[in-house]
Protein chains: 2
Amino acid sequence: MALCKKGNNSRRQTAKTMARQKKTKSQQRADRIYGEIRDRICLLDYVPGDRLSEEELAEEFGISRTPLRSVLARLESEGLVKSRHGVGTFVTKTNFEELEEVYKLRIELAEIAGRLDPITKSEAGLNRIRAMIVRAGDLVEQPDQKAFARLSLDHFFEMAGIIGNAHLRDITIRMQLLTTRNWLTILPERHLQAEIRRFRSEIRELLQAMEVGDYQSVGHIWRSHISMSYHRLKAYAGETGT
Amino acid sequence: MALCKKGNNSRRQTAKTMARQKKTKSQQRADRIYGEIRDRICLLDYVPGDRLSEEELAEEFGISRTPLRSVLARLESEGLVKSRHGVGTFVTKTNFEELEEVYKLRIELAEIAGRLDPITKSEAGLNRIRAMIVRAGDLVEQPDQKAFARLSLDHFFEMAGIIGNAHLRDITIRMQLLTTRNWLTILPERHLQAEIRRFRSEIRELLQAMEVGDYQSVGHIWRSHISMSYHRLKAYAGETGT
DNA sequence: TGAAGCTTTGTTGTACACAACATGGCAAAA
DNA sequence: TTTTGCCATGTTGTGTACAACAAAGCTTCA
């Protein structure tokens, strides 16, 4: 289950720890566990409706229920799980209305992100994105839903790194994490390859804007991608009948 | 210390509980305590730098440290307090850079709020705002910083109620709460009356736009008020030398 | 006198036992 | 057979003792 997500997590951590350097060991451990469970939810290792056992998770991570519960509380505040007294803690199912709200908001936030003090990507950052294009190319040859999901998330965090406004970045991340799993759930298998191809062309387009340092355009392009992906999502939802 | 804030709290609760009806008694209690402490921080009953004793607060609210700690964790996630192991939990001091970031974001959010599915105020809602204009009028005659702060917060929550997009509303509230106490701290006493007067004219302006149902204009007006208040804040900060 | 190390004190973080709660199953009565 | 009430079981929420930790004061030695 856990597999090789360590690399991904640590990479994402760096983007987060930039803001606040002072992290005690307890907080680092909590952050690690939080990221792990969050990824499991977003990458559909835990499906909406699944119950997360506090006791089992506490045992798995070698801690007691108390600190684990604070991790779950954080996930609950972000809307990824919902605890019910005497029943259990469950991965949330987002209804269509909320999904639409989140998408509408994400569309607006993307445009703002390009305007509000964007952080210019270093050459190393650009290279990381170029490497993702290669990864996407491999996935076009050999489509795999989970690998695509992980690549997509990695690229998103790379994008979030350009947002200089700390709060806007946090909000953008939270909204993204709320929609990821829904996108994966609804995306039909037979459209997977086409989606990966489209994803590759999208991150190429974004890369080009970043290469010339035009971050306002990055914001607009990003916005258009989110908007179009939402329209496709609706179309897919109509296809499958949900 | 607690005084007559019950009315304010409950009124704010109604705006919150609209979204999710299912609230267990524990959650309601936690929400109440959270709101109480949050107000104390925002209205400067607790000044930045103050230590919040878990034990004392737990005793005051008649609960043990465990549920109180989850309330403090929530406040910490919103950036209002910061816990340090073995030292204490302290009300945060926002530096100028972060304050500027938050204001820039609030300016953008206000404009979006007017566009993204705003909720038309009922006649009762408009009447509540009209009552606030009266309260503001009284305060012009007899300026009082804390009363002004409370009125300002009440009006803000009334404004937040027009935001139909649930996540956007939450974010807007969080950003507002981060700036309130800074505004109060920096505002010089001798400009208080002028500020109250300006506040009254602002909420009148907003009311007019709401009365004709033009909520996009409400967003633009709100945006301009936030922007101008930020500029005055900077001017005041220059005056007092901070 | 000064400084380093130890001790004391008070605080937040953790572990664990128990309370509160919801749910499903079972039995008994209509 | 159906329904109603009760109980058993398992889960989240709470209280409490203790561990981890930091800071201030004290002591002791140079």
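Below, chain A is the first sequence line, B the second, and so on; all start at residue 1.
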Below 4.0 angstrom, N of the basic side chain to O of the carboxylate: do [X] and [Y] qualify?
X       : Y      : value
E60(A)  : R40(A) : yes
R150(B) : D39(B) : no
R65(B)  : E54(B) : yes

Mind calculating the distance between [atom1] ([X]) and [atom2] ([N]) to the nearest angstrom?
X      : N       : atom1 : atom2 : value
Q27(A) : dT12(C) : CD    : P     : 14 Å
F90(A) : dT12(D) : CZ    : C1'   : 10 Å
L72(A) : dT14(C) : CG    : P     : 14 Å
R69(B) : dG13(D) : CZ    : P     : 16 Å
L68(A) : dC16(C) : CG    : P     : 14 Å
L75(A) : dT12(D) : CG    : P     : 14 Å
Q28(A) : dC21(D) : CD    : C1'   : 16 Å

Sequence-distant partners of R106(B), salt bridge (Lys or Arg N to Asp or Glu O under 4.0 Å), two or more places apart: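 By the salt bridge (Lys or Arg N to Asp or Glu O under 4.0 Å) rule, R106(B) matches no residue at all.
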Upstream residue (5' side of DNA chain D) when K25(A) and E55(A) are each assigned their closest nucleotide: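 Its nearest nucleotide lies further toward 5', so the answer is E55(A).
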First encountered from the 5' end of DNA chain D, between S53(A) and G86(B):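 Between the two, 5'-proximity favours S53(A).
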From [options], nucleotide with atom closest to [X] side chain:
X      : options                   : value
S26(A) : dA23(D), dT14(C), dT16(D) : dT14(C)
R51(A) : dT12(C), dT11(D), dA15(C) : dT11(D)
E54(B) : dG13(C), dT23(C), dT11(C) : dG13(C)
R84(A) : dT23(C), dT16(D), dG13(C) : dT23(C)
H85(A) : dT11(C), dT12(D), dA20(D) : dT12(D)

Please determine whether any donor N or O and acceptor N or O are separated by less than 3.5 Å between the side chain of [X] and the base of [N].
X      : N       : answer
R65(A) : dG13(D) : yes
R29(B) : dG13(D) : no
T66(B) : dG15(D) : yes

Sugar-phosphate only, base, or nothing, as touched by T89(A) at under 4.0 Å among non-hydrogen atoms: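 Since only primed, P, OP1 and OP2 atoms lie under 4.0 Å of T89(A), the category is sugar-phosphate.
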Sugar-phosphate only, base, or nothing, as touched by L52(B) at under 4.0 Å among non-hydrogen atoms: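 Contact class for L52(B): sugar-phosphate only.
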Donor-acceptor pair, side chain of Q145(B) and main chain of L184(B), under 3.5 angstrom: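 Here the side-chain-to-backbone pair exists.
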